[in-house]
Amino acid sequence: MPNPHRAEPPNRTPEPTARTVETPEPDTTTTTGTGIGTGTLIGTRTGTGTGTGTGTSPPVDDLVERRLHPVTPLRRAWAPVAVIVGWAVHDPDQAQRQLTRLTTTHLLIGLAVLIPAAALYGFLTWWFTHYAVTETELRIRTGLLFRRTAHIRLERIQAIDVTQPLLARVAGVAKLKLDVIGTGKKDELAFLGADEASALRAELLARAAGFAPETAHEVGEAPARQLLRVQPGVLAVSLLLTGATWGTLLAAAVVPTLLWLATHNLWTVLATALPLVGAAGARSAGRFVGEYDWTVAESPDGLRIDHGLLDRAHETVPPGRVQTVRLVEPLLWRRRRWVRVELDVAGSSNSVLLPVAPRDVAEAVVARVLPGVVVPTRPELSRPPRRAARCRPLWWRGHGLAVTDAVFAARYGLLRRSLALVPHAKVQSVRLTQGPWRRALRLADVHVDTGANKTVTARLRDAEEAAELLRSQAERSRTGRRDAPPDRWMA
């Protein structure tokens, strides 16, 4: 049985981004009810003012609520139709029997009832959806029968993304998505006018940065300076040189051939080959469409990422919230010195910073995300001792470790190398694990846990080196959090 040891850095803060939370209020408050007095529930007012009505949010009577774009009912009207389609897909035999019993008259009557009902549902859900911005929070009020009011505190917002699916781009609308600390999924406002979505995003960022409400509208979106744009040709070549694509194509060639030799059944071969070829094409084509025209720009509120061929996305990597940066180097990319940069952001779904870029350019962008961090070179990464080959023959050479004044850097992978960088200030805990076989070989693994619920592991280290690393990393994490700048928008 493994014998794990665990060391917690002293003075560990409970907040995922290593920042002390001064308010006991939850990230998002959900309230249901019918309102008091006016018959409409606006939300719980924050503040402690008495007599004069002072507090952290304006009086309820002065709260200006806004509605979504009028095209929103068309999107929500599909919900009743989707329920019927879902039932038909779930039980196709029963659905077919019911359809055979219906006459043309019954079908026309059903459509005459279903279409107005769906339109009415879409209109009512749009009519009863409002949002408002106060000095400290964004409030979203929804619900037809059961009312729900979400209070999203501005300082808890991780990122604000603007996305435009293909049909939304045609209609001139956009979806506003918010990453909030402590929530499992994004809150969203769908849909707003494209200009309104950009203006609301700028207003929320300005208020979160501390601008007064009366001047937040005038601040506008912070200026951005473009750092990198991935050319479509480079992206296409990088996808063709990805091992997963060639592996799937190789399987599509080998497996059907073996099946033909074993069965001589053409339908069996086609039933196996077509899905494999389709999977390889869909994987590469899907990534190309999603990562098309990838642009990275720098602004005071973080790094901005724009991408997408059909569905256009405008995302932001918030400053100070990045927990881990990974430089991924597939085997077929090494000759061109290309890398892919991935991220772990606490509470956010943004996971890719650069789909493909030259290594020196990627390291310059990483320096923007992690100020003061220099990516360790290959000679600076120490390998495990040679006796580690008894645990992982040949593959032990792919592991490496470097600890600098700024980051904990661990490399793994022999064919597809990945170098993970964790700033000391983002380390939540350090663990040492050592199984029976590794105890006999005097080897151990050191695991570093981050605020994004991810773990970076330095594997197959010498046992004495691992024990010392366990103690020293806990101290580095404590001092790193103490000296780290505040995680604020536009800091």
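Model, not experiment: these values are computed from the prediction.
- Using the six-membered ring where Trp is involved, F123 and W127 have ring planes that are parallel, under 30° apart on the 30 and 60° scheme.
- Other residues, nucleotides and ligands contribute over 12 non-hydrogen atoms within 6.0 Å of the CG atom of D293.
- For L167, the CG atom sits in a loose shell: 12 or fewer heavy atoms of surrounding residues, nucleotides or ligands are nearer than 6.0 Å.
- With no hydrogens or angles considered, no side-chain donor-acceptor pair links Q473 and R471 at under 3.5 Å.
- Under 4.0 Å is where a charged nitrogen must lie from a carboxylate oxygen, and between D344 and R326 at least one such pair does.
- In the displayed structure, Y292 atom OH is contacted under 6.0 Å by at most 12 heavy atoms of other residues, nucleotides or ligands.
- Considering NE2 of H130 and CG of L189, their distance stands at 12.5 Å, rounded to 0.5 Å.
- Between R416 and E329 there is no salt bridge, since no side-chain N of the basic residue sits under 4.0 Å from a carboxylate O of the acidic one.
- Using modelled atom types, one finds a donor on one side chain and an acceptor on the other under 3.5 Å when comparing T316 with R201.
- Using a 4.0 Å cut-off between charged nitrogen and carboxylate oxygen, E363 and R359 count as a salt-bridge pair.
- Under the side-chain contact (heavy atoms from CB on, under 4.5 Å) rule, L401 has a single partner from L469, T457, L381, which is L469.
- Looking only at atom types and distance, the side chain of R476 has a donor-acceptor partner in the side chain of S472 under 3.5 Å away.
- Using a 4.0 Å cut-off between a side-chain N of Lys or Arg and a carboxylate O of Asp or Glu, R340 and E291 qualify as a salt bridge.
- The residue from T324, D449, V422, V448 that alone fulfils the side-chain contact (heavy atoms from CB on, under 4.5 Å) condition with T455 is D449.
- Using a cutoff of 4.0 Å between basic side-chain nitrogens and carboxylate oxygens, E203 and R66 are scored as salt-bridged.
- The heavy-atom pair separating T149 from H151 by the smallest distance is CG2-NE2, 3.5 Å.
- Using cut-offs of 30° and 60° for the angle between ring planes, the W333 and W338 rings count as perpendicular.
- By the 4.5 Å heavy-atom criterion applied to side chains, V325 and V341 are counted as neighbours.
- Within the 4.5 Å cutoff, side-chain heavy atoms of P355 are placed close to those of V230.
- Atom CG of D405 has 12 or fewer neighbouring heavy atoms from other residues, nucleotides or ligands inside a 6.0 Å radius.
- One finds the CG atom of L370 at 10.0 Å from the CD atom of Q323 (value rounded to the nearest 0.5 Å).
- With salt bridges taken as basic N to acidic carboxylate O contacts below 4.0 Å, none links K177 and D161.
- Under the 4.0 Å criterion applied to side-chain N and carboxylate O atoms, R139 and E137 are assigned as salt-bridge partners.
- Contact of the L204 side chain with the L138 side chain is registered, since non-hydrogen atoms from C-beta on lie closer than 4.5 Å.
- Between the side chains of R67 and T72, no donor-acceptor pair is found at a separation under 3.5 Å.
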